[in-house]
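Being a predicted model, the structure only gives us computed values, none of them experimental. Along the sequence shown, residues are numbered consecutively beginning with 1. The analysis underlying the following values was restricted to heavy atoms, covering all of them including side chains, and did not include hydrogens, waters or symmetry mates.
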Amino acid sequence: MKLSRGVSVFLLAFGVWSWFIWITFAKNLFADVSGLAFDGSGDPTGYFWVHLALAAASFALGTAVGVIGLRGFLASRRAGRGDS
């Protein structure tokens, strides 16, 4: 399957955006003081584990989508394609 340059750039941008958003979320999750992520004794709660799993899955999917976009973009550059 050949991806257009525009689709490849979109997928690459989506992968980068996903990493940016979920890294920020994970930092905020670990720094939570509201009582949602950690109970009174400092142990992680169910909220913490569920959201950590969501972040991990999003990192994996964002990486996969970004890699597909990067490979498509590089292939279009090597082929000299300029279509969008």
Taking distance alone, no hydrogens or angles, what donor-acceptor pairs closer than 3.5 Å link side-chain atoms of residues 9-21 to residues at least two apart or in another chain?
residue : atom : partner : partner atom : Å
S18     : OG   : S58     : O            : 3.4
W19     : NE1  : F59     : O            : 3.4
W19     : NE1  : T63     : OG1          : 2.7

Verify same cluster id: F25, L54 (apolar side-chain graph, 4.5 Å): yes
Output for pair (W22 CH2, K27 NZ), nearest 0.5 Å, gives 15.5 Å
Of the non-hydrogen atoms in L29 and Y47, which two are nearest, and what is the gap between them? CD1-CE2, 3.9 Å
Separation of T45 OG1 from F38 CZ (nearest 0.5 Å): 7.5 Å
Geometric class of the F48/F30 ring pair [parallel <30°, tilted 30-60°, perpendicular >60°]: perpendicular
